[in-house]
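For reference, the structure discussed in these notes is given below.
When a ligand or atom number is given, it counts from 1 through the structure's own listing order. From a predicted model like this one, the values you see are computed outputs, not experimental measurements.
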Amino acid sequence: MDVPVSGSISENIRFVLEQIRLATRQAGRPEGSVRLVAATKSVGLDQLREGIASGLTILGENRLQEALPKVEGLRGAPVQWHFIGHLQRRKVRSVVGVFDLIHSVDSLELAEEIEKRAQEAGVRQAVLLEVNLEGEATKTGFRPGELEGLLPRLGALPHVEVKGLMAIPPPTSDPEQSRPYFRRLRELAERLSHQSVGTVSLKELSMGMSSDYAVAVEEGATMVRVGTAIFGARRG
Ligand SMILES: *Cc1c(COP(=O)(O)O)cnc(C)c1O
């Protein structure tokens with residue numbers, strides 16, 4: 001799929017939302033069942049304001065130091081913030097309660113740290129579990145095989161609300177290469193839903209980026225994380 005990065009931010013947003021709508025319909029899914037999370041790393045406040053004015057409602061950051069000044073700068077704006085990057089345990093305290101959803105919980109230890117900090121803050125923190133479907137050594141995330149055993153323990157954390165799964169397929173220039181990967185994530189969520197426990201729900205599937213979000217929607221994504229196709233290519 002072409003990634004049009006030459007348009008204005010508002011043109012790009014209109015294009016991406018239209019592609020999502022078409023892919024949703026193509027898959028026979030209800031309209032509005034997919035949310036666009038704008039990936040905002042290295043994007044400045046002015047561009048974010050333009051994006052919000054053009055219809056963005058969820059901003060996803062993966063670097064905490066970068067995110068906090070933006071959260072501050074856009075206070076009062078009608079947006080949700082999601083944390084989509086790798087989260088270190090020592091940074092959990094600054095993330096809990098600030099972000100509406102953490103997409104990237106990749107270990108039981110991290111979930112337990114979130115539990116502790118959310119309890120202190122008196123909030124319940126919504127999270128997704130990041131899955132490393134192929135067991136790539138360079139990647140963080142739960143292995144599919146360990147999730148079943150861990151769900152009861154995750155479900156027993158009263159201040160952590162598991163809402164679904166997230167995955168990042170290996171990079172490829174051909175979105176069709178990602179399709180089986182997306183499908184496996186959806187099938188894993190379906191399989192695990194049958195034995196999910198406590199507060200655990202696996203309804204949300206965060207998958208698909210600029211190069212393959214339409215395919216992800218066809219395969220069941222409920223959230224796509226799109227940066228380049230909205231804001232253009234990043235430096236650094
Ligand atoms: C940057 C990023 C994205 C968006 O990637 P693009 O290819 O720019 O759309 C999505 N998810 C995560 C975790 C990211 O870090």
From [X] [atom1] over to [Y] [atom2], what is the distance, rounded to the nearest 0.5 angstrom?
X: Met166; Y: Met207; atom1: CE; atom2: CE; result: 12.0 Å
X: Lys116; Y: Arg89; atom1: NZ; atom2: CZ; result: 9.0 Å
X: Leu74; Y: Ile52; atom1: CG; atom2: CD1; result: 4.5 Å

Contact atoms of ligand 1, heavy-atom distance to [X] under 4.0 Å:
X: Asn62; result: 14 (C), 15 (O)
X: Lys41; result: 1 (C), 2 (C), 3 (C), 14 (C), 15 (O)
X: Val226; result: 9 (O)
X: Ala39; result: 3 (C), 4 (C)
X: Thr228; result: 6 (P), 7 (O), 8 (O), 9 (O)

Below 4.5 Å, heavy atoms only, C-beta onward: do Phe142 and Glu130 meet side chain to side chain?
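Side-chain contact under 4.5 Å: no.
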
Taking distance alone, with N or O pairs closer than 3.5 Å, would you say Gly227 contacts ligand 1?
yes

Going by the closest heavy atom to atom 9 (O) of ligand 1, which one wins out of Ser210, Ser42, Ser211, Gly60?
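The nearest heavy atom belongs to Ser210.
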
Does the plane of the ring in Phe99 sit parallel, tilted or perpendicular to the ring in Phe83? Use 30° and 60° as the thresholds.
perpendicular

Between Ser206 and Arg225, does any side-chain donor sit less than 3.5 Å from a side-chain acceptor?
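Ser206 vs Arg225: donor-acceptor pair found between side chains.
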
